[in-house]
Amino acid sequence: MKLPQVQKIMMEFEKQSEIMDMKEEMMSDAVDDAMGEDEDEEESEAIVSQVLDELGLSLGDELAGLPGTGSALNASTKDKVPVAEGDMDADADLQARLDNLRRD
């Protein structure tokens, strides 16, 4: 091989090596950022738990009082309570106002 060809190959190798180093650094930063969010999430959960403890509340107790999913939701839709007349009038009034705005 001739010296100019070797120099050209070495320059290309150095260029590709620098590009690879930059990509590696970017990937490392991205992984660090992604992993750092987990720590932030855990830290925020700890702070929320501490505040709730200071207030005398327990998140588990609050969540236990919520309705479940599935059949409990279907049962509640079967037992619909009729809307009061005042609410129907308010809905009709709002709908009329909306219709007027759309016409303009």
Side-chain angles (χ1 to χ4, degrees):
M1 288 185 112
K2 296 182 183 178
L3 185 59
Q5 288 177 336
V6 172
Q7 285 178 335
K8 184 177 178 182
I9 292 171
M10 291 300 292
M11 288 176 60
E12 182 65 27
F13 176 79
E14 184 177 351
K15 179 181 173 185
Q16 293 298 324
S17 178
E18 288 177 10
I19 291 172
M20 185 179 67
D21 288 342
M22 286 188 281
K23 288 181 180 180
E24 180 183 3
E25 185 178 345
M26 287 173 30
M27 291 299 292
S28 178
D29 290 344
V31 168
D32 289 344
D33 289 343
M35 294 299 176
E37 290 180 13
D38 291 338
E39 293 172 6
D40 293 341
E41 184 177 331
E42 291 172 2
E43 184 178 329
S44 64
E45 286 179 15
I47 291 171
V48 168
S49 295
Q50 180 183 0
V51 169
L52 289 175
D53 289 342
E54 288 174 3
L55 294 173
L57 300 174
S58 173
L59 188 58
D61 293 341
E62 296 292 325
L63 293 177
L66 295 176
T69 60
S71 61
L73 291 176
N74 291 337
S76 66
T77 57
K78 292 177 184 175
D79 301 327
K80 287 187 177 180
V81 178
V83 178
E85 280 296 315
D87 289 342
M88 292 177 75
D89 290 339
D91 289 342
D93 182 48
L94 287 174
Q95 186 62 43
R97 293 167 81 188
L98 180 62
D99 292 340
N100 284 335
L101 288 172
R102 287 184 179 162
R103 286 184 209 146
D104 295 337

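Numbers here are sequence positions counted from 1. These numbers come from a predicted model, not from an experiment. Any value given below was found using the heavy atoms of this structure, including those in side chains, with hydrogens, waters and symmetry copies removed.
- With side-chain heavy atoms closer than 4.5 Å counting as contact, directly or through intermediates, the hydrophobic cluster containing Met22 also holds Ile19.
- A donor and an acceptor atom, one from each side chain of Asn100 and Arg97, are nowhere located under 3.5 Å apart.
- Other residues sharing a hydrophobic cluster with Met20 under the 4.5 Å side-chain heavy-atom criterion for ILVMFWY residues do not exist; the residue is a singleton.
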**Asked** Given Asp99 and Gln95, is the side chain to side chain donor-acceptor pair (under 3.5 Å) satisfied, shown in steps?
**Response** CA-CA 6 Å; Asp99 292 340; Gln95 186 62 43; 3.1 Å; yes
* **side-chain contact (heavy atoms from CB on, under 4.5 Å) evaluation trace for Val48 with Glu45** => CA-CA 5 Å; Val48 168; Glu45 286 179 15; 5.7 Å; no
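- Every pair passing side-chain hydrogen bond (donor to acceptor under 3.5 Å, both in side chains) that includes a residue from residues 9-26 is listed here, sequence neighbours excluded: Glu12-Gln16.
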